[in-house]
Amino acid sequence: MQAAATYARQSGARLASHRHTVTPETPWSLSPAHLRAAPFTARLVLPSPNGAAIAAAVPPGVRVVAACLRNVTAVGTWLTSHGYGTPEHPVVVIAAGESWPDGSLRPALEDLLGAGALISDLCSQGAGPLSPEAAAAKASYEGTADLARTVATSASGRQLATMGFVEDVAIATEEDTSALVPVRDGDGSLVSG
């Protein structure tokens, strides 16, 4: 969190806090429900221990695009329209996962399904061929009849419900509700692509 705070200061951005530490002065957090209710800020640092950490670890010059269930078609279209998804310009889709309390990695079903949704969309636009891992993620997504219920009853969904954040799960499983395509720019920020 200290690195995120330093980065926020250096880049003139607001820093999102943990879900339980939101205040009227700092209303931004990793909670989608909090972000919906918070006032607009032009620059926001979201210090997630999974996706943000992975994006920050990718070397400069490597294109990073953030996808989720909410923007999957927009991201798939952006990638294929920029020539990605071919053997010459492959796409690596990372299901970031979560952390156990001890800091070890916990695979997250919602991230697998989100990755599968993007891979499914890319395939519908002619991208390929798929690795066995990508094909398995695609099959998992396409074989899930009730995405919202599946995520809500997963380990992450139950954990968020126990913490009082049921609305976060509902927001996260809204498919194709955003046309925003976050692409990493030269200074490491994600901006609209």
Treating Ile, Leu, Val, Met, Phe, Trp and Tyr as nodes and any side-chain heavy-atom pair under 4.5 angstrom as an edge, say whether [X] and [Y] lie in one connected cluster.
X: Leu147; Y: Val75; answer: no
X: Val64; Y: Val91; answer: no
X: Leu130; Y: Val93; answer: yes
X: Val181; Y: Leu122; answer: yes
X: Val62; Y: Val183; answer: no

Closest non-hydrogen atom pair between [X] and [Y], with its separation:
X: Ile119; Y: Ala137; answer: CD1-CB, 4.1 Å
X: Pro87; Y: Gly128; answer: CD-O, 3.6 Å
X: Leu44; Y: Ala13; answer: N-CB, 4.1 Å
X: Ser48; Y: Leu30; answer: CA-CD1, 3.9 Å
X: Ile171; Y: Pro32; answer: CG2-CB, 3.6 Å
X: Ala117; Y: Val72; answer: C-CG2, 3.4 Å

Would His89 and His82 count as a side chain to side chain contact (heavy atoms under 4.5 Å, CB included) here? Give the steps. CA-CA 10 Å; His89 301 286; His82 284 80; over 6 Å; no
Rounded to the nearest 0.5 Å, what's the gap from OG1 on Thr77 to CG on Asp121? Could you check?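 That separation rounds to 5.5 Å.
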How many angstroms lie between atom NE2 of His18 and atom NE2 of His34, to the nearest 0.5 angstrom?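 Going from NE2 on His18 over to NE2 on His34, the span is 13.0 Å.
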Please answer whether the main-chain N or O of [Y] pairs with a side-chain N or O of [X] as donor and acceptor at a distance below 3.5 Å.
X: Thr173; Y: Val169; answer: yes
X: Asn71; Y: Leu180; answer: yes
X: Arg184; Y: Leu190; answer: no
X: Asp176; Y: Thr73; answer: yes
X: Ser120; Y: Gly116; answer: no
X: Ser31; Y: Ala33; answer: yes
X: Trp28; Y: Phe40; answer: no

Any donor-acceptor N or O pair under 3.5 Å, side chains Ser29, Arg19: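 Looking only at side-chain atoms, Arg19 and Ser29 do not form any donor-acceptor pair under 3.5 Å.
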Student check: side-chain heavy atoms of [X] and [Y] closer than 4.5 Å:
X: Ser189; Y: Tyr7; answer: yes
X: Leu15; Y: Pro47; answer: yes
X: Gln125; Y: Leu79; answer: no
X: Thr26; Y: Thr23; answer: yes

Full working for side chain to side chain contact (heavy atoms under 4.5 Å, CB included) between Tyr84 and Val65: CA-CA 11 Å; Tyr84 294 102; Val65 181; over 6 Å; no
Residue from Ser154, Ser140, Ser156 passing side chain to side chain contact (heavy atoms under 4.5 Å, CB included) with Leu109: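 Answer after filtering Ser154, Ser140, Ser156: Ser154.
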Test Gln159 against Arg106 for side chain to side chain contact (heavy atoms under 4.5 Å, CB included), laying out the working first. CA-CA 13 Å; Gln159 180 184 36; Arg106 175 176 63 82; 3.6 Å; yes
Arg43 atom CZ: more than 12 heavy-atom contacts under 6.0 Å: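 Result for CZ/Arg43: enclosed.
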